[in-house]
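Here's the structure we're looking at; comments come further down.
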Amino acid sequence: MALRLYNTMSSRIEEFHPLRDNEVRMYACGPTVYDYGHIGNFRTFVAVDLLYRYFRQSGYGVRYVMNITDVDDKIIRNAARDGVSVQQYTARYEKAFVEDAAMINIEPPKLVRATENIPQMAEFVSRLVEKRLAYRADDGSYYFRIAKFPEYGKLSKKDFKGMLDGARVDVDEYDKDSARDFALWKAAKPDEASWDTPIGAGRPGWHLECSVMSMQELGESFDLHAGGEDLVFPHHENEIAQSESLTGKPFAHFWFHARFLLVEGEKMSKSSGNFFTLRDLVLKGHKPSSIRYLLTSVPYRNQLNFTFDGLKQAAVSVERLRNFRLRLSAGNFPAGATPEMQSLASETVDRMRAALDDDLNTAQAQGAIFEMVRQSNAAFDTDGIKQDDVAPLLAALAKFDEIFAVLDDDDGPKMKRVFEWASGEGREKDISNELHEAIQSGAQSDADIEEKIAQMKAARAARDFKASDVLRAELAEAGIIVEITKDGIRWRRK
RNA sequence: GGCGCGGUACCCAAGUGGUAAGGGAGAGGUCUGCAAAACCUUUAUGCGUCGGUUCGAUUCCGACCCGCGCCUCCA
């Protein structure tokens, strides 16, 4: 069964087939590195990550490129405010972005930077000018002539026909032939970062970098272009206009857009007080795995209401999955295999893949895995799982985690890094008690814990439950949960 | 105003022209020295409201109400 994806261009769900056999070339609009990434940014990046992972699981080789916008108005303004160069300013936020992405298990794409492709962008503009698709304004800026691209608006389904004849030109836009013409290149201004190029001194407009870098990395036509829903217009529309009018070829074949999320039922905004960076959430004591899980629990085209209650629920759900894996890995099973468990495992994989094939229906894929967990746990309780059933069940779980990436418990070390970062930034006051506790549980080394567990075992062998309970309480205090089962003692971090 | 999306149990959230996945939470129970984990039972005759089509609609159509998005370099 083939993957079916919603394509913004056609407004329909279509079967996905790469242009070249077995190779997917995809490009995602990445962050403008002027601040720490917020949870909304990461919803989009996680959605694209899921798609990337699913392409790979489906057997494709994938070339996945993401841009870093490291020059724009905000960056120039903030760098000037801080009295540092644009490069100095963006370096720390690009680093933060990479760290944050790793924290929620986003597989790294190839990153390309706007400022490292300035000559190519200038070259692109001059080719547009040669073809009379762009023009130079009096101040040295360059604009794309929208009237030259009749298909303008085809992605966002906007009709500009009435506006293309220049009848209603804003008085402010004195330099432009038509109000809708967009800037390709902005002429240098005093005290602003600029680059000397054959088309003059200045800096690129926002849309240019994505056309230039995507084509450079992936070719004039490639498979899929992704981003947040707000980018449909004008950003992606403009990319299409400048790219297709220049090459005469279709630009991206699939357009993939993730819907915005709500935070506590409202649009996220700084003024509403519901604006959170990823680091803010970790400082509040939430695990990266909970955040990732919550972000993946609603299909990417639906509005996701990101709430703290939801974060807690996500944490419990992840714990349930981790407990299940631990139980399978650590248990003793009778020899043999059962047909029921064998088929349960394979049906679960089929159901997950069918769900993901259906425009990445992550909620349904999660439903499938939980169904398997429940049935397996029930079988477990009645010795219905045999030795040879374990591997297929674990394999199904692994298949799930290749996409969702929440099972491995490395939350402790990750949270510790955020803790250290906040301390280094002098933000101790933002560190919650919950984060302190979480760090504590990660502070115990495995060896220390195993030592205590061994003592517990000895005490229990002597039927000294009192001593055993004291040890268990000590470990609980340190954030370690101990479980006594018929197969022995198991432990995990809270 | 133009274009588009959604309203499903206490919360989150799938889904289908034939009678409601899954997760969380609550209640009761099983297991257990006690915990924890796990399992079982239970919680929507109901899927925004009102009409229509149909043997039958939550699912299709229409109207209305509510929420949300884009149309302003915010993912």
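FYI, side chains are in, hydrogens and waters are out, and symmetry mates aren't considered; it's all heavy atoms of this structure. Predicted model only: the values in this text are computed from it and were never measured.
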Value in whole Å for how far the [atom2] atom of [N] lies from [atom1] of [X]:
{"X": "Q303(A)", "N": "C5(B)", "atom1": "CD", "atom2": "P", "answer": "13 Å"}
{"X": "N41(A)", "N": "A75(B)", "atom1": "CG", "atom2": "P", "answer": "5 Å"}
{"X": "N361(A)", "N": "A14(B)", "atom1": "CG", "atom2": "C1'", "answer": "6 Å"}
{"X": "L262(A)", "N": "G67(B)", "atom1": "CG", "atom2": "P", "answer": "13 Å"}

Rounding to the closest angstrom, what is the interatomic distance between [N] and [M] at atom [atom1]?
{"N": "C50(B)", "M": "C55(B)", "atom1": "C1'", "result": "23 Å"}
{"N": "U42(B)", "M": "G62(B)", "atom1": "C1'", "result": "40 Å"}
{"N": "G23(B)", "M": "C60(B)", "atom1": "P", "result": "27 Å"}
{"N": "A9(B)", "M": "G26(B)", "atom1": "C1'", "result": "13 Å"}
{"N": "A20(B)", "M": "C31(B)", "atom1": "P", "result": "33 Å"}
{"N": "A14(B)", "M": "G6(B)", "atom1": "P", "result": "11 Å"}

Touch class at under 4.0 angstrom, heavy-atom based, for N302(A) against every strand present: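 Sugar-phosphate contact only.
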Side chains of [X] and [Y], donor plus acceptor under 3.5 Å:
{"X": "E209(A)", "Y": "N67(A)", "result": "yes"}
{"X": "Y89(A)", "Y": "N78(A)", "result": "yes"}
{"X": "D359(A)", "Y": "Y300(A)", "result": "yes"}
{"X": "D139(A)", "Y": "S141(A)", "result": "yes"}

Position toward the 5' end of RNA chain B (nearest nucleotide), L261(A) or K267(A):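 The 5'-side residue here is K267(A).
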Closest-nucleotide 5' rank along RNA chain B - winner of S317(A) and A183(A):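 It is S317(A) whose nearest nucleotide is closer to the 5' end.
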Taking the side chain of [X] as its heavy atoms from C-beta onward, which of [options] lies nearest to it?
{"X": "Q313(A)", "options": "G23(B), A14(B), C74(B)", "result": "G23(B)"}
{"X": "R259(A)", "options": "C5(B), A14(B), A75(B)", "result": "C5(B)"}
{"X": "P299(A)", "options": "G24(B), A13(B), C74(B)", "result": "A13(B)"}
{"X": "N305(A)", "options": "A13(B), A14(B), C74(B)", "result": "A13(B)"}
{"X": "K74(A)", "options": "C74(B), G23(B), C70(B)", "result": "C74(B)"}

Short side-chain N/O contact to C5(B) OP1/OP2 from K157(A), under 4.0 Å: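 False: K157(A) side-chain N/O out of range (4.0 Å or more) of C5(B) OP1/OP2.
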F260(A)-A75(B) aromatic stacking (under 5.5 Å, under 30°):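 Stack criterion met.
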N/O donor-acceptor pair, side chain E229(A) with base C70(B), under 3.5 angstrom: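 There is none.
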T485(A) and D487(A): CA distance, side-chain angles, deciding distance, side chain to side chain donor-acceptor pair (under 3.5 Å) verdict: CA-CA 5 Å; T485(A) 74; D487(A) 293 330; 5.0 Å; no
Aromatic ring pairing H225(A)/W255(A), orientation class (parallel under 30°, perpendicular over 60°, tilted between):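 Because their plane-to-plane angle is under 30°, the rings of H225(A) and W255(A) count as parallel.
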From CA spacing to verdict: ring-ring contact (aromatic ring centres under 6.0 Å, His included), Y64(A), F55(A): CA-CA 11 Å; Y64(A) 174 24; F55(A) 275 140; 9.5 Å; no
Annotated protein contacts, base or backbone, on nucleotides 27-39 of chain B with a non-hydrogen cut-off under 4.0 Å, one of B, S, - each: ------BBBBSBS
F276(A) vs F306(A) side-chain heavy atoms within contact, under 4.5 Å: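 F276(A) vs F306(A): side chains apart.
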